[in-house]
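Just so we're on the same page: letters track the sequence lines, and every chain starts at 1.
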Protein chains: 2
Amino acid sequence: MAATKRLTQRDIARLAGVSQATVSLVLNGAVSAEGRIPQETRERVNKAIRETGYVADPVARRMAKGLNRILGVFTYEPAFPSAQADFFTPFLLGIEEAAQELGYDLLLLTGAAAGAQRKIFGNNTRLRLADGCLVLGRQFDRDELTRLVAGDYPFVAVGRRDDAGGPVPYVGGDYASGTAALVDRVRALGHTRIAYVGPASGAESTFDRWAGFSGAIAGLHLVAHMPDVAQPANETLDGLVASGATAVFFIELADAIQVETLARQRGIAVPEQLSIVVLGNHIRAEQTGRRFTSFSIPREAMARAATQMLVRRVEHDEPIQQILLPCEPLEGDTLGPAPLTKPKTGP
Amino acid sequence: MAATKRLTQRDIARLAGVSQATVSLVLNGAVSAEGRIPQETRERVNKAIRETGYVADPVARRMAKGLNRILGVFTYEPAFPSAQADFFTPFLLGIEEAAQELGYDLLLLTGAAAGAQRKIFGNNTRLRLADGCLVLGRQFDRDELTRLVAGDYPFVAVGRRDDAGGPVPYVGGDYASGTAALVDRVRALGHTRIAYVGPASGAESTFDRWAGFSGAIAGLHLVAHMPDVAQPANETLDGLVASGATAVFFIELADAIQVETLARQRGIAVPEQLSIVVLGNHIRAEQTGRRFTSFSIPREAMARAATQMLVRRVEHDEPIQQILLPCEPLEGDTLGPAPLTKPKTGP
DNA sequence: ATTAGCTGCTAATACGCATTAGCAGTCAAG
DNA sequence: CTTGACTGCTAATGCGTATTAGCAGCTAAT
């Protein structure tokens with residue numbers, strides 16, 4: 001550090017023998033100065049800039065102009081730590097790509113002090129440094145969301161969000177339709193007795209799956225619904241067997257994996273005796289050997305679309321929009337035709 | 001958007017019946033105003049702040065104070081696209097953690113426009129928005145590095161870097177010692193004829209490995225050095241066999257994998273007939289079935305240390321430091337005692 | 001009574017840039 | 001010779017904050 005003081009337009013002006021204002025005008029190719037500054041003067045200024053390597057201070061720029069070409073990214077959980085990494089990576093990937101294309105940089109908001117639950121609004125909120133902000137995470141803070149909606153700061157949520165004192169701008173995945181499509185598939189394969197493992201309410205993404213499910217099961221019998229997240233796998237499997245379900249829908253891949261493993265141990269063939277469907281292409285699915293029938297979540301596309309929407313909101317004050325991207329079915333090997341007899345366990 | 005104008009200290013001042021300066025003093029608990037502003041006045045100001053939800057504009061703040069609590073992160077390759085993701089993730093993880101602890105946000109610089117090679121210095125450089133910056137990537141641009149070193153902008157490189165018109169502040173991994181330790185291990189296991197696959201120069205990380213290697217092979221015979229990166233695996237293996245080497249050092253995990261696979265096909269047992277050592281715990285190593293003997297690269301720790309160093313440089317103008325973190329040996333199953341006879345292939 | 005010191009506050013300024021109003025000079029038309 | 005239009009530039013201002021100098025009023029000490 002030390003030595004070289006920060007270069008300013010004044011320095012350039014001095015070198016070029018003009019005023020600071022002229023430097024600014026040359027730099028910004030201001031329309032109002034079109035044809036007002038002769039090539040010769042521009043040259044002198046540009047020469048000085050080139051020789052010194054001057055770069056305009058973006059802070060001052062933002063101060064004067066109000067915009068920054070910076071997008072904030074707020075994640076309600078740390079973006080990188082490995083447990084979460086797989087969750088956020090595709091989103092961040094899409095955001096980064098879109099931001100780069102649009103000429104924006106990204107400000108990763110690390111949120112509140114370590115340990116505490118992350119908060120967008122703190123005493124020290126640096127949010128406003130960015131022109132607008134993308135919000136993502138599994139667990140949103142509803143109060144903060146309300147405040148964001150009420151405020152005049154442009155933001156877009158990645159993932160559908162319920163109204164919070166007003167409509168929330170978002171780009172989400174159409175889990176409801178994705179789920180419904182899977183239900184139709186199950187029905188077409190002759191299943192009549194189905195089960196659902198996972199809660200029916202809670203986060204929007206959970207609710208949407210259940211909504212899609214319950215809206216599509218006409219003609220089918222929901223013989224078991226196990227909302228308990230913490231329930232041990234063998235109890236779940238017991239319940240499924242007892243219910244006589246021939247196809248089960250899981251919200252959580254982890255649950256599905258455990259139950260499938262257990263089923264195999266007990267000699268219950270999947271999908272011959274029991275079909276399993278998972279609601280969403282959870283990451284790491286490929287690491288489990290078994291390819292579960294599911295639907296895709298277009299995470300990268302969601303992130304790209306959200307970024308573009310945010311930029312439109314920032315630049316053109318576009319009104320609030322809510323977009324759901326389709327979730328295409330994913331072939332797997334855990335959904336088959338309904339068995340002629342119910343699955344049975346040993347003695 | 002629309003409506004609500006941005007709140008300023010002046011608004012708060014008006015509400016509280018004080019001056020803007022007083023608001024600022026209350027907000028910052030300035031030492032110079034210690035005991036100069038009575039509790040009663042503070043209350044009035046704080047009340048107005050609470051009621052309006054005022055938050056100081058970070059841009060103006062930076063403007064006035066010169067600091068922003070923002071760290072720039074410049075990656076010479078896109079940070080997220082999946083091919084790179086595994087490379088950058090541990091670094092970003094460490095940076096994010098450290099930044100959050102220290103109360104800094106991160107500015108992810110997307111660099112030049114899409115397609116073009118990324119540049120730190122461009123017309124659009126918003127780098128200076130950050131108080132300082134971390135630079136990472138496989139391929140550094142030497143000219144840019146020189147310029148950074150020459151400038152007064154605080155930065156720290158993740159990974160050792162050669163001088164560039166002056167010493168470069170960095171936190172790197174001690175690949176030289178890590179490599180040397182592996183050489184010692186190989187020697188201790190009775191090997192005398194060894195080979196090295198990978199270039200001896202190029203990036204600092206490459207050079208360091210070779211330096212550690214060549215500095216530690218006293219008493220051993222380097223019977224083959226194959227610097228060619230693009231060489232087909234069977235040629236490499238042919239060369240190794242011809243040389244009579246009993247232990248090979250690989251810079252690239254990919255090369256090691258190919259050669260090991262080929263060796264198995266040819267009936268050359270690893271490590272019974274040929275020991276393989278890889279210089280660094282490359283990511284995805286665990287996916288290859290074989291656990292290669294190697295050394296660990298403390299990526300997360302490097303990133304954390306670099307972040308902390310950068311903050312010290314920003315806040316306290318700490319002089320340039322260069323730190324190498326130890327790379328501990330990693331047990332694997334590809335290094336064994338030297339065979340009594342040279343490995344032989346069939347007729 | 002003067003000085004010194006304290007309290008409680010404010011005016012003024014700097015930070016680096018963008019932007020606007022407008023000045024001085026030239027030149028052509030009237 | 002005046003007017004107006006145009007050229008080439010600059011002075012001045014604002015953005016929202018932090019910070020410093022310092023003012024006014026008061027008390028206590030000299």
> CG of A:Asp57 versus C1' of C:dC15: gap in Å, rounded?
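So the two atoms are 9 Å apart, to the nearest Å.
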
> At less than 4.0 Å, is any side-chain N or O atom of B:Gln20 found next to OP1 or OP2 of C:dA11? Yes or no.
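No, outside the criterion.
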
> Take the C1' atoms of the five end pairs on each side of the helix from C:dA1-D:dT30 to C:dG30-D:dC1, derive the two axes, and give their angle rounded to 10 degrees.
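For the helix from C:dA1-D:dT30 to C:dG30-D:dC1, the axes at opposite ends meet at about 80°.
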
> CD of A:Gln9 versus P of C:dC15: gap in Å, rounded?
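My rounded result for the distance is 14 Å.
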
> Does a side-chain N or O of A:Tyr54 approach OP1 or OP2 of C:dC17 to a distance below 4.0 Å, or not?
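A:Tyr54 to C:dC17 OP1/OP2: side-chain N or O found under 4.0 Å.
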
> Under 4.0 angstrom, heavy atoms only, what part of the nucleic acid is A:Thr8 near: base, sugar-phosphate, or nothing?
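Sugar-phosphate contact only - A:Thr8 comes under 4.0 Å of backbone atoms but never of a base.
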
> Could you state the CZ-P distance from A:Arg62 to C:dG16, rounded to the nearest angstrom?
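Whole-Å distance recorded here is 19 Å.
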
> Over how many whole Å does the gap from B:Met63 atom CE to C:dA18 atom P extend?
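For the pair B:Met63 CE and C:dA18 P, the rounded distance is 11 Å.
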
> Within the structure provided, determine whether A:Val45 and A:Arg42 are in side-chain contact (heavy-atom separation under 4.5 Å).
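Not touching, per the 4.5 Å side-chain cut-off.
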
> Side chains of B:Tyr170 and B:Glu204: donor-acceptor distance under 3.5 Å anywhere?
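No, B:Glu204 and B:Tyr170 have no side-chain donor paired with an acceptor closer than 3.5 Å.
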
> If you only use heavy atoms from C-beta on, which nucleotide in D:dT17, C:dC9, D:dA18 is closest to the side chain of B:Ala60?
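Nearest listed nucleotide: D:dT17.
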
> Within the structure, does a side-chain N or O atom of B:Arg61 lie under 4.0 Å from either OP1 or OP2 of D:dA18?
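Yes, such a contact exists.
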
> Just so I know, are the side chains of B:Asp11 and B:Tyr54 near enough to count as touching, which here means a heavy-atom distance under 4.5 Å?
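Side-chain contact under 4.5 Å: no.
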
> If I take atom CG in residue A:Leu25 and atom P in nucleotide C:dG22, what distance separates them, rounded to the nearest angstrom?
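My rounded result for the distance is 17 Å.
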
> Between atom CD in B:Glu43 and atom P in C:dG8, what is the gap in whole Å?
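So the two atoms are 15 Å apart, to the nearest Å.
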
> Given side chains that start at C-beta, do those of B:Asp105 and B:Leu107 come closer than 4.5 Å, heavy atoms only?
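Contact flag for B:Asp105/B:Leu107 side chains = no.
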
> C:dG5 C1' sits how many Å from B:Arg36 CZ, rounded?
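B:Arg36 atom CZ is separated from C:dG5 atom C1' by 11 Å.
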
> Looking at side-chain heavy atoms only, is the closest gap between A:Arg61 and A:Asn28 below 4.5 Å?
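With C-beta onward as the side chain, the pair touches.
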
> Taking the nucleotide of DNA chain C with the nearest heavy atom to each, does B:Thr41 or B:Ala64 sit closer to the 5' end?
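Nearest nucleotide further toward 5': that of B:Thr41.
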
> Among A:Asp131, A:Leu71, A:Ile95, A:Val158, whose side chain to side chain contact (heavy atoms under 4.5 Å, CB included) with A:Leu310 holds?
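Between A:Leu310 and the candidates, side chain to side chain contact (heavy atoms under 4.5 Å, CB included) is satisfied uniquely by A:Leu71.
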
> Could you check whether any side-chain heavy atom of B:Arg44 comes within less than 4.5 Å of a side-chain heavy atom of B:Lys47, counting everything from C-beta outward?
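Not touching, per the 4.5 Å side-chain cut-off.
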
> If only side-chain N and O atoms of B:Thr22 are considered, is one of them under 4.0 Å from the OP1 or OP2 phosphate oxygen of C:dT10?
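It does, given that an N or O in the side chain of B:Thr22 lies less than 4.0 Å from OP1 or OP2 of C:dT10.
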
> Name the nucleic acid region contacted by A:Val18, choosing base, sugar-phosphate or nothing; use a 4.0 angstrom heavy-atom cut-off, strictly under.
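Sugar-phosphate: the residue A:Val18, judged by heavy atoms under 4.0 Å, touches backbone atoms but no base.
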
> Round to the nearest Å and state the distance from A:Lys65 atom NZ to C:dT19 atom P.
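It is 6 Å, rounded to the nearest whole Å.
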
